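Predicted, not measured: the structure shown is a model, and the values here were computed from it. This chain uses plain numbering: 1 for the first residue, then up along the sequence.
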Amino acid sequence: MLMLIMALQVASAIVIAWAFARLLPADVALLLAAIVVMLVRMAITANNFRMTLRPVPEHAQLGRLQHLQLFFHEFASTMAATSWHMLRHRPRMHLAGAPRGYPVLMVHGYGANGGFWVHLSAQLEAQGYSHATVDLEPVFGDIEDFAVQLEQAVQALLAASRSEKVIIVAHSMGGLVARAWLRRFGTDHVARIITLGTPHYGTDLAHMGPGHNARQMRRNGDWLAQLDADDRAQRRLITSIYSWHDNIIAPQDSCHLPGARNIALPGVGHVAMGRHPDIAKHILAEIMAIT
């Protein structure tokens, strides 16, 4: 989804700038084009929240100011991810000089790339953890094929770090990739899988997305049902962190995975999970608890 948004933003900016440039000075045209793109992105974010609005438990309800903070943090997170971090992303593996604990492999979600993890990567580096990202291709491919790519990335990180196991942190669809990988390749090389906003039981918005992977994420689909039946004995290795106010996963409790450790938080959007301090705090606590 993020790659689609990024492509639409770039295409829109080019078209709008070209149209304005015929009437206005170039610098003014570019500024107006940027403003229009931001307004379009803001409208998309607002519509996503509208489509995924569901009742939440009383303890997770937000006030008006908190709702505004939720919206603008998600908007800023999406703009930063699609317009900057993902565009500048280059695959990178960081090996700590005196590594702490197990290395961490980060897996992005639908339509994204490893640039999504720029904030968590910096925190892992500061804490002394070796880590790497994986870029899943093609964008609209089969999650089962992504599981094979994840195995290759796991083996590469194990070899480079000389570790016996890795910790996997996965956002959105990446959590389903991690579960498909676990089902196919077993538990020998994983210490923990931490999923963020993963639609373990699908999302209503998947019907709007193109690609085989989007179809696999539809609610009540055959692929998710088979995964649910196959991996129940392995869920002791999984922590599912999710938000009651996720604007992509609907219903939000689709992220609740029976048999796993589940952590539900209020006031965090879907893309914001990659940079929200509350989410980072829980991720780091899960990682540091593993010995």
Is the shortest distance from a Lys or Arg side-chain nitrogen in [X] or [Y] to a carboxylate oxygen in the other one below 4.0 Å?
X      : Y      : value
Asp204 : Arg54  : yes
Glu286 : Arg261 : yes
Arg275 : Glu74  : no
Arg183 : Asp231 : no
Asp228 : Arg235 : yes

What's the separation between atom [atom1] in [X] and atom [atom2] in [Y], rounded to the nearest 0.5 Å?
X      : Y      : atom1 : atom2 : value
Phe116 : Ser77  : CZ    : OG    : 8.5 Å
Glu137 : Phe146 : CD    : CZ    : 8.5 Å
Ser161 : Met93  : OG    : CE    : 7.5 Å
Ile249 : Asn48  : CD1   : CG    : 10.5 Å

Same cluster or not: [X] versus [Y], using hydrophobic residues (I, L, V, M, F, W, Y) connected whenever any side-chain heavy atoms lie under 4.5 Å apart?
X      : Y      : result
Phe185 : Ile193 : yes
Val139 : Val134 : yes
Ile290 : Ile241 : yes

(request) Check whether any side-chain N or O of Thr203 sits under 3.5 Å from a backbone N or O of Ala250 as a donor-acceptor pair, and report yes or no. (result) yes
(request) For the pair His189 (side chain) and Glu164 (backbone), establish whether a donor and an acceptor sit closer than 3.5 Å, ignoring hydrogens and angles. (result)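 Indeed, once roles are kept as given, a pair shorter than 3.5 Å links the two residues.
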Can you tell me if [X] and [Y] form a side-chain donor-acceptor pair at under 3.5 Å?
X      : Y      : answer
Gln123 : Gln127 : no
His131 : Ser121 : yes
Thr239 : Arg192 : yes
Asp145 : Gln149 : no
Gln61  : Trp244 : no
His200 : Thr195 : yes

(request) Establish, yes or no, whether a centroid distance under 6.0 Å links the rings of His276 and His119. (result) no
(message) Do Thr198 and Cys255 make a side-chain contact, defined as non-hydrogen atoms from C-beta onward lying under 4.5 Å apart?
(response) no
(request) I would like to know whether Ser172 and His270 meet side-chain hydrogen bond (donor to acceptor under 3.5 Å, both in side chains); could you show each step before the answer? (result) CA-CA 8 Å; Ser172 195; His270 190 72; 3.0 Å; yes
(message) Can you tell me which residue among Val268, Leu120, Ile263 is in a side chain to side chain contact (heavy atoms under 4.5 Å, CB included) with Ile279?
(response) Val268
